[in-house]
Amino acid sequence: MSSKSLIAITGASSGIGEATARAFSAAGHPLLLMARRLDRLEALQLPDAVLKKVDVRDRVAIAEAVAEAEARFGPVGMMFANAGIARLGDIATQPPDEWDEMIDINTKGVMNSVHAVLNGMIARRSGTLMMMSSIAGRKTYPDHTVYCGTKFFVHAISESLREYLAPHDVRVIVLSPGIVETEVLDHVKDPATLANYKANKAAIGGGITADIVAGLILNAYQLPQGVIVQEIVITPTRQKY
């Protein structure tokens with residue numbers, strides 16, 4: 001068992017998930033890192049880490065990964081429900097399969113991640129749920145229709161969970177970043193949407209780096225359990241919308 005709490009992260013193979021894994025590892029925390037790309041997790045070479053090839057749509061796989069990591073390192077102190085996908089595009093022409101993928105990963109995947117740790121945190125009267133949303137969960141964009149819907153979902157369930165879990169001293173934090181330097185554009189197949197996104201990103205001087213976001217997550221987690229940053233909203237200074 002470790003003297004520091006176990007940190008579980010979905011979508012840990014790149015972007016904010018990877019940066020958060022590095023930040024918490026540097027702070028001495030053992031890790032449960034889950035992603036579909038196991039080779040990317042192995043390449044991180046972080047100590048005291050359980051690495052699991054997990055698709056967040058698989059509720060049983062997440063629960064089994066949590067059980068294995070907790071048997072080695074003790075209870076999960078924070079579940080970062082980070083895994084998500086952005087299939088941005090014109091809603092009139094976008095293939096419905098892309099809607100299904102976003103809904104399943106961005107909503108059901110988040111709930112599966114929460115479910116794996118929720119009762120344990122309630123029983124221990126301790127724990128933090130870090131919920132990956134977006135500024136697209138606070139306002140809408142014409143070419144983000146279903147993606148916005150999934151992120152509004154994350155905001156709604158997070159607010160409900162926070163109210164439900166507050167008497168149990170369990171924290172629920174929503175993370176709502178703007179443009180970040182990650183692989184998000186790799187999932188955008190609509191040419192016009194991709195071009196517009198890249199143009200907007202270039203116009204504001206690029207996105208913020210994932211390590212900055214990871215530092216905020218670590219700082220929020222390190223606050224006393226009786227103190228909560230309810231939502232982290234971070235964007236480039238020049239990002240107006």
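Fair warning: this is a prediction, and the values are worked out from it, not measured in the lab.
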message = Is it the case that atom CD in Gln222 sees more than 12 heavy atoms from other parts of the structure closer than 6.0 Å?
response = yes

request  = Decide side-chain contact (heavy atoms from CB on, under 4.5 Å) for Leu44 and Leu51; before the verdict, give the C-alpha distance in whole Å, the side-chain angles of both, and the deciding distance to 0.1 Å.
outcome  = CA-CA 10 Å; Leu44 299 179; Leu51 312 178; over 6 Å; no

message = Test side-chain contact (heavy atoms from CB on, under 4.5 Å) on Lys189 and Arg87; report intermediate values, then the result.
response = CA-CA 7 Å; Lys189 298 180 179 180; Arg87 298 288 192 197; 3.5 Å; yes

request  = For the residue pair Tyr197 and His144, categorise the inter-ring angle as parallel (less than 30°), tilted (30 to 60°) or perpendicular (more than 60°).
outcome  = parallel

message = Using modelled atom types and a 3.5 Å cut-off, is there a donor and acceptor pairing between side-chain atoms of Asn112 and backbone atoms of Lys108?
response = yes

query = Of Arg162, Arg138, Lys151, which is the lone residue that meets side-chain contact (heavy atoms from CB on, under 4.5 Å) with Val174?
reply = Arg162

query = About how many Å separate CD1 of Ile179 and CG of Asn200, when rounded to the nearest 0.5 Å?
reply = 4.5 Å

task = Would you mind checking if Glu181 and Lys201 are paired as a salt bridge, meaning a charged N to carboxylate O distance below 4.0 Å?
result = yes

request  = Using modelled atom types only, decide if a donor and an acceptor are shared between the side chain of Asn82 and the backbone of Met132 within a distance under 3.5 Å.
outcome  = no

ask   = Should the pair Phe152 and His155 be assigned to parallel (<30°), tilted (30 to 60°) or perpendicular (>60°) ring geometry?
value = tilted

inquiry  = Run Phe24 and Leu46 through side-chain contact (heavy atoms from CB on, under 4.5 Å) and show every step you take.
reply    = CA-CA 10 Å; Phe24 276 86; Leu46 297 176; over 6 Å; no

inquiry  = Is there a side-chain contact between Gln94 and Thr145 in this structure, where contact means two heavy atoms from C-beta onward sitting under 4.5 Å apart?
reply    = no

query = Could you give the distance from CZ (Arg171) to OH (Tyr221), rounded to the nearest 0.5 Å?
reply = 7.0 Å

task = Verify whether one side chain among Ser13 and Arg40 offers a donor that lies under 3.5 Å from an acceptor in the other.
result = no

ask   = Hey, does Thr128 have a side-chain heavy atom less than 4.5 Å from the side chain of Gln225?
value = yes

ask   = Do side-chain atoms of Asp169 reach the backbone of Ser126 as a donor and acceptor pair under 3.5 angstrom?
value = no

query = Got a donor-acceptor contact below 3.5 angstrom from the Lys4 side chain to the Ala27 backbone?
reply = yes

request  = State whether the side chain of Asn106 and the backbone N or O of Ile85 hold a donor-acceptor pair below 3.5 Å, judged by distance alone.
outcome  = yes

request  = Begin from the C-alpha positions of Thr193 and Asn196 and carry the test side-chain contact (heavy atoms from CB on, under 4.5 Å) through to its verdict.
outcome  = CA-CA 5 Å; Thr193 297; Asn196 290 338; 5.7 Å; no

key: N-O pairing of Arg72 and Glu68 below 4.0 Å   = no

inquiry  = Can you give me the closest heavy-atom contact between Leu165 and Val172, atom names plus distance?
reply    = CD1-CG2, 3.8 Å

ask   = So, does Arg57 use its side chain to make a donor-acceptor pair with the main chain of Glu101 at under 3.5 Å?
value = no

ask   = Has the side chain of Arg238 got a donor or acceptor atom that lies under 3.5 Å from a matching backbone atom of Ala203?
value = yes

message = Quick check against the 3.5 Å criterion: does Arg125 have a side-chain atom that pairs as donor or acceptor with the backbone of Pro167?
response = yes

note = The reported gap from CG in Asp97 to CH2 in Trp99 (rounded to nearest 0.5 angstrom) is 10.0 Å

message = Please check this pair: side chain of Ser158 against backbone of Val154, looking for a donor-acceptor N/O pair closer than 3.5 Å.
response = yes

